[in-house]
Amino acid sequence: MSEATHAKVADARQLDTATRILDAAEALFVEHGFEATSMRMITQRAEVNLAAVNYHFGSKDALFQGVFTRRLTPLTQLAIANLEKLERDSGNQVPSVDSIISVFMDAALEVSRDPKRGGVIFVRLLSRTFIEPHPVLRETLPRHYAELVGRFTASLARALPHLNEVELQWRIHFAFSAMFNAFAGNNILRLFIPKNAVNAKDPQMVATYLVPFIVSGLTAPPVNVGRSAM
(Lines give C-alpha, C1' and ligand atoms only; values in the text may rest on other atoms or scores of the structure.)
Protein backbone atom coordinates (compact mmCIF):
# COMPACT_ATOMS: atom_id res chain seq x y z
CA MET A 1 0.00 0.00 0.00
CA SER A 2 1.42 3.39 -1.01
CA GLU A 3 1.95 6.29 1.40
CA ALA A 4 -0.89 8.18 -0.29
CA THR A 5 -3.25 5.26 0.23
CA HIS A 6 -2.15 4.92 3.85
CA ALA A 7 -2.88 8.63 4.35
CA LYS A 8 -6.36 8.32 2.83
CA VAL A 9 -7.17 5.32 5.03
CA ALA A 10 -5.95 7.17 8.12
CA ASP A 11 -8.03 10.25 7.22
CA ALA A 12 -11.11 8.08 6.70
CA ARG A 13 -10.63 6.42 10.09
CA GLN A 14 -10.26 9.78 11.81
CA LEU A 15 -13.38 11.09 10.11
CA ASP A 16 -15.27 7.96 11.12
CA THR A 17 -14.13 8.34 14.72
CA ALA A 18 -15.16 12.01 14.84
CA THR A 19 -18.55 11.16 13.33
CA ARG A 20 -19.15 8.38 15.86
CA ILE A 21 -18.33 10.77 18.69
CA LEU A 22 -20.69 13.44 17.32
CA ASP A 23 -23.49 10.92 16.77
CA ALA A 24 -23.09 9.51 20.28
CA ALA A 25 -23.03 12.95 21.89
CA GLU A 26 -26.06 14.07 19.88
CA ALA A 27 -28.15 11.10 21.00
CA LEU A 28 -27.07 11.39 24.64
CA PHE A 29 -27.72 15.12 24.82
CA VAL A 30 -31.29 14.42 23.65
CA GLU A 31 -31.76 11.62 26.19
CA HIS A 32 -30.17 13.27 29.22
CA GLY A 33 -29.46 16.93 28.50
CA PHE A 34 -26.07 18.58 28.24
CA GLU A 35 -25.21 18.82 31.94
CA ALA A 36 -26.23 15.24 32.75
CA THR A 37 -24.25 13.75 29.87
CA SER A 38 -20.74 12.84 30.97
CA MET A 39 -17.69 12.33 28.80
CA ARG A 40 -17.62 8.74 30.05
CA MET A 41 -21.13 8.18 28.66
CA ILE A 42 -20.07 9.63 25.32
CA THR A 43 -16.92 7.53 25.03
CA GLN A 44 -18.83 4.37 25.93
CA ARG A 45 -21.57 5.05 23.37
CA ALA A 46 -19.05 5.95 20.65
CA GLU A 47 -16.73 3.09 21.63
CA VAL A 48 -13.69 5.34 21.80
CA ASN A 49 -11.36 6.46 24.57
CA LEU A 50 -11.20 9.92 26.14
CA ALA A 51 -7.99 10.71 24.27
CA ALA A 52 -9.87 10.39 20.96
CA VAL A 53 -12.50 12.90 22.09
CA ASN A 54 -9.84 15.33 23.28
CA TYR A 55 -7.92 14.90 20.03
CA HIS A 56 -10.90 15.71 17.80
CA PHE A 57 -12.71 18.31 19.95
CA GLY A 58 -10.58 19.33 22.92
CA SER A 59 -13.39 19.75 25.43
CA LYS A 60 -16.99 18.88 26.16
CA ASP A 61 -18.06 22.44 25.30
CA ALA A 62 -16.31 22.25 21.93
CA LEU A 63 -17.95 18.89 21.29
CA PHE A 64 -21.35 20.40 22.10
CA GLN A 65 -20.72 23.17 19.57
CA GLY A 66 -19.56 20.61 17.04
CA VAL A 67 -22.82 18.68 17.39
CA PHE A 68 -24.77 21.76 16.35
CA THR A 69 -22.54 23.35 13.75
CA ARG A 70 -22.65 20.31 11.48
CA ARG A 71 -26.47 20.42 11.45
CA LEU A 72 -27.57 24.04 11.74
CA THR A 73 -26.35 25.34 8.40
CA PRO A 74 -28.27 22.76 6.28
CA LEU A 75 -31.46 23.38 8.27
CA THR A 76 -31.31 27.17 8.01
CA GLN A 77 -30.39 27.03 4.32
CA LEU A 78 -33.33 24.73 3.61
CA ALA A 79 -35.82 26.89 5.52
CA ILE A 80 -34.63 30.08 3.79
CA ALA A 81 -34.70 28.37 0.38
CA ASN A 82 -38.29 27.25 1.05
CA LEU A 83 -39.27 30.80 1.98
CA GLU A 84 -37.58 32.29 -1.09
CA LYS A 85 -39.38 29.84 -3.37
CA LEU A 86 -42.69 30.67 -1.72
CA GLU A 87 -42.12 34.39 -2.24
CA ARG A 88 -41.09 33.89 -5.88
CA ASP A 89 -44.10 31.70 -6.60
CA SER A 90 -46.40 34.26 -4.96
CA GLY A 91 -45.38 36.94 -7.46
CA ASN A 92 -46.90 40.28 -6.49
CA GLN A 93 -49.06 38.68 -3.81
CA VAL A 94 -47.95 38.62 -0.16
CA PRO A 95 -47.71 34.99 1.02
CA SER A 96 -50.23 33.99 3.66
CA VAL A 97 -49.24 33.41 7.28
CA ASP A 98 -50.27 29.78 6.86
CA SER A 99 -47.90 29.28 3.93
CA ILE A 100 -45.00 31.05 5.70
CA ILE A 101 -45.29 28.86 8.78
CA SER A 102 -45.79 25.78 6.62
CA VAL A 103 -42.53 26.25 4.67
CA PHE A 104 -40.61 26.53 7.94
CA MET A 105 -42.33 23.40 9.21
CA ASP A 106 -41.59 21.61 5.94
CA ALA A 107 -37.87 22.26 6.45
CA ALA A 108 -37.98 20.84 9.98
CA LEU A 109 -39.92 17.78 8.78
CA GLU A 110 -37.52 17.19 5.88
CA VAL A 111 -34.58 17.21 8.28
CA SER A 112 -36.43 14.93 10.70
CA ARG A 113 -36.87 12.34 7.91
CA ASP A 114 -33.22 12.43 6.82
CA PRO A 115 -30.79 10.57 9.12
CA LYS A 116 -27.86 12.04 7.19
CA ARG A 117 -28.91 15.50 8.38
CA GLY A 118 -29.58 14.39 11.93
CA GLY A 119 -33.13 13.15 11.58
CA VAL A 120 -35.63 13.44 14.38
CA ILE A 121 -32.86 13.23 16.99
CA PHE A 122 -31.38 16.54 15.90
CA VAL A 123 -34.78 18.24 15.69
CA ARG A 124 -35.47 17.21 19.30
CA LEU A 125 -32.00 18.29 20.39
CA LEU A 126 -32.43 21.67 18.75
CA SER A 127 -35.81 22.10 20.39
CA ARG A 128 -34.43 21.08 23.77
CA THR A 129 -31.65 23.62 23.43
CA PHE A 130 -34.12 26.47 23.03
CA ILE A 131 -36.12 25.23 26.01
CA GLU A 132 -33.00 24.70 28.15
CA PRO A 133 -30.49 27.20 26.70
CA HIS A 134 -26.85 26.48 27.51
CA PRO A 135 -24.15 29.18 27.78
CA VAL A 136 -22.05 27.39 25.15
CA LEU A 137 -24.64 28.18 22.47
CA ARG A 138 -25.66 31.68 23.49
CA GLU A 139 -22.99 33.20 21.30
CA THR A 140 -23.07 30.70 18.44
CA LEU A 141 -26.82 30.33 17.89
CA PRO A 142 -27.44 33.99 16.95
CA ARG A 143 -24.80 33.73 14.24
CA HIS A 144 -26.52 30.69 12.77
CA TYR A 145 -30.07 31.99 13.13
CA ALA A 146 -29.84 35.74 12.54
CA GLU A 147 -30.63 35.52 8.81
CA LEU A 148 -33.30 32.85 9.28
CA VAL A 149 -35.21 34.74 11.97
CA GLY A 150 -34.78 38.04 10.12
CA ARG A 151 -36.15 36.67 6.86
CA PHE A 152 -39.18 35.00 8.44
CA THR A 153 -39.90 38.03 10.64
CA ALA A 154 -39.86 40.32 7.60
CA SER A 155 -42.15 37.98 5.68
CA LEU A 156 -44.61 37.74 8.59
CA ALA A 157 -44.55 41.52 9.00
CA ARG A 158 -45.71 41.90 5.38
CA ALA A 159 -48.44 39.29 5.92
CA LEU A 160 -49.62 40.94 9.16
CA PRO A 161 -49.54 44.70 8.42
CA HIS A 162 -52.24 45.41 10.99
CA LEU A 163 -49.90 44.47 13.87
CA ASN A 164 -47.49 47.01 15.31
CA GLU A 165 -43.84 46.04 15.74
CA VAL A 166 -44.15 45.23 19.44
CA GLU A 167 -47.16 42.97 19.07
CA LEU A 168 -45.66 41.25 16.04
CA GLN A 169 -42.49 40.45 17.96
CA TRP A 170 -44.49 39.07 20.88
CA ARG A 171 -46.45 36.80 18.58
CA ILE A 172 -43.34 35.57 16.76
CA HIS A 173 -41.78 34.91 20.18
CA PHE A 174 -44.75 32.77 21.18
CA ALA A 175 -44.90 31.04 17.79
CA PHE A 176 -41.26 29.94 17.77
CA SER A 177 -41.45 28.98 21.44
CA ALA A 178 -44.44 26.74 20.75
CA MET A 179 -42.80 25.16 17.68
CA PHE A 180 -39.51 24.35 19.37
CA ASN A 181 -41.24 23.07 22.50
CA ALA A 182 -43.55 20.86 20.45
CA PHE A 183 -40.72 19.33 18.43
CA ALA A 184 -38.78 18.55 21.60
CA GLY A 185 -40.97 15.45 21.87
CA ASN A 186 -42.25 16.10 25.38
CA ASN A 187 -45.86 15.17 26.11
CA ILE A 188 -46.69 17.79 28.76
CA LEU A 189 -50.26 16.51 29.00
CA ARG A 190 -48.96 13.21 30.37
CA LEU A 191 -48.17 14.97 33.65
CA PHE A 192 -51.88 15.53 34.20
CA ILE A 193 -53.56 12.88 32.03
CA PRO A 194 -51.36 9.76 31.89
CA LYS A 195 -53.42 8.21 29.08
CA ASN A 196 -54.01 10.69 26.27
CA ALA A 197 -54.08 10.80 22.47
CA VAL A 198 -51.01 13.02 22.01
CA ASN A 199 -48.07 11.40 20.20
CA ALA A 200 -45.47 14.09 20.80
CA LYS A 201 -42.65 12.01 19.30
CA ASP A 202 -44.17 11.90 15.80
CA PRO A 203 -42.95 15.06 13.97
CA GLN A 204 -45.58 14.74 11.22
CA MET A 205 -48.43 14.58 13.74
CA VAL A 206 -46.90 17.48 15.65
CA ALA A 207 -46.82 19.58 12.47
CA THR A 208 -50.36 18.61 11.47
CA TYR A 209 -51.87 19.96 14.68
CA LEU A 210 -49.32 22.68 15.35
CA VAL A 211 -49.55 24.73 12.13
CA PRO A 212 -53.22 25.77 12.50
CA PHE A 213 -52.62 26.51 16.19
CA ILE A 214 -49.68 28.81 15.41
CA VAL A 215 -51.47 30.48 12.51
CA SER A 216 -54.52 31.21 14.66
CA GLY A 217 -52.34 32.90 17.27
CA LEU A 218 -50.47 35.00 14.71
CA THR A 219 -53.61 36.13 12.90
CA ALA A 220 -55.78 36.85 15.96
CA PRO A 221 -57.17 40.39 16.29
CA PRO A 222 -54.57 42.86 17.62
CA VAL A 223 -54.33 43.45 21.33
CA ASN A 224 -53.01 46.97 20.78
CA VAL A 225 -51.25 47.21 24.12
CA GLY A 226 -48.75 49.55 22.51
CA ARG A 227 -45.13 50.35 23.22
CA SER A 228 -45.81 50.89 26.92
CA ALA A 229 -45.70 47.09 27.24
CA MET A 230 -42.00 46.97 26.32
(message) Just verifying a value: how many Å separate D23 CG and T19 OG1, rounded to the nearest 0.5 Å?
(response) 6.5 Å

(request) Kindly write out the residues that satisfy side-chain contact (heavy atoms from CB on, under 4.5 Å) with D89, not counting sequence neighbours, or none if the list is empty. (result) K85

(request) Go through the steps for W170 and E165 under the test side chain to side chain contact (heavy atoms under 4.5 Å, CB included), then give the verdict. (result) CA-CA 9 Å; W170 270 106; E165 182 181 359; over 6 Å; no

(message) Considering only residues two or more places apart or on different chains, which pairs with a residue in residues 24-38 satisfy side chain to side chain donor-acceptor pair (under 3.5 Å)?
(response) E26-R71, E31-R45, E35-H134

(message) Please report the interatomic distance CD(Q44) to CG(L28), rounded to the nearest 0.5 Å.
(response) 9.5 Å

(message) For a quick test of reading the model, state the closest non-hydrogen atom pair linking A52 to T17 and the distance between them.
(response) CB-CG2, 4.3 Å

(message) Looking at R88 and L83, would you say the former's side chain and the latter's main chain have a donor-acceptor pair under 3.5 Å?
(response) no

(request) Side-chain contact test, heavy atoms from C-beta onward, threshold under 4.5 Å: evaluate it for D106 versus E110 and give yes or no. (result) no

(message) Please say yes or no: joined through hydrophobic side-chain contacts below 4.5 Å, possibly via intermediate residues, are L22 and L50 part of one cluster?
(response) yes

(request) For R151 and I80, indicate whether the former's side chain and the latter's backbone hold a donor-acceptor pair under 3.5 Å. (result) no

(message) Checking side-chain polar atoms at under 3.5 Å, does S96 have a donor or acceptor matched by the opposite partner on S99?
(response) yes

(request) Of all the heavy-atom pairs spanning A36 and M41, show the shortest one and how long it is. (result) O-SD, 3.6 Å

(request) Could you tell me which residues satisfy ring pair (Phe, Tyr, Trp, His ring centres under 6.0 Å) with F152, sequence neighbours excluded, listed by chain and number? (result) F104

(message) Measuring from atom CZ of F176 to atom CD1 of I101, what distance do you get when rounded to the nearest 0.5 angstrom?
(response) 6.5 Å

(request) With sequence neighbours left out, write down each residue that passes ring pair (Phe, Tyr, Trp, His ring centres under 6.0 Å) with F29, or none if nothing qualifies. (result) F34, F64

(request) Output all residues satisfying side-chain contact (heavy atoms from CB on, under 4.5 Å) with T153, sequence neighbours left out; order by chain, then residue number. (result) V149, I172

(request) Mind listing the closest non-hydrogen atom pair of P95 and I100 along with its distance? (result) O-CD1, 3.9 Å

(message) Is the shortest side-chain heavy-atom distance between Q93 and E87 below 4.5 Å?
(response) no

(message) Show the nearest heavy-atom pair for residues N196 and V198, with the distance to one decimal.
(response) OD1-N, 3.0 Å

(request) Give, for atom CG of N49 and atom CG of N54, the distance between the pair rounded to the nearest 0.5 Å. (result) 9.0 Å

(message) Tell me the closest heavy-atom pair linking R20 and A46, and the distance in Å.
(response) NE-O, 3.0 Å

(request) Measure the spacing between CD of Q65 and OG of S59 and express it to the nearest 0.5 Å. (result) 7.5 Å

Pair up each side-chain donor or acceptor in residues 203-218 with any protein partner under 3.5 Å, not counting sequence neighbours, and list the distances.
| from | atom 1 | to | atom 2 | distance (Å) |
| --- | --- | --- | --- | --- |
| Q204 | OE1 | R113 | NH2 | 2.7 |
| T208 | OG1 | Q204 | O | 2.8 |
| S216 | OG | P212 | O | 2.8 |

(message) Under the criterion side chain to side chain donor-acceptor pair (under 3.5 Å), I'd like the reasoning laid out for S102 against D98: C-alpha separation, chi angles, the key distance, then a yes or no.
(response) CA-CA 6 Å; S102 292; D98 187 296; 3.3 Å; yes

(request) Identify the two heavy atoms, one from P221 and one from R171, that lie closest to each other, and give their separation to 0.1 Å. (result) O-NH2, 2.8 Å

(request) Indicate, with yes or no, if V30 and M39 share a hydrophobic cluster defined by side-chain heavy-atom contacts under 4.5 Å among Ile, Leu, Val, Met, Phe, Trp and Tyr. (result) yes

(request) Working to the nearest 0.5 Å, report the span between CD of E147 and OG1 of T76. (result) 7.5 Å

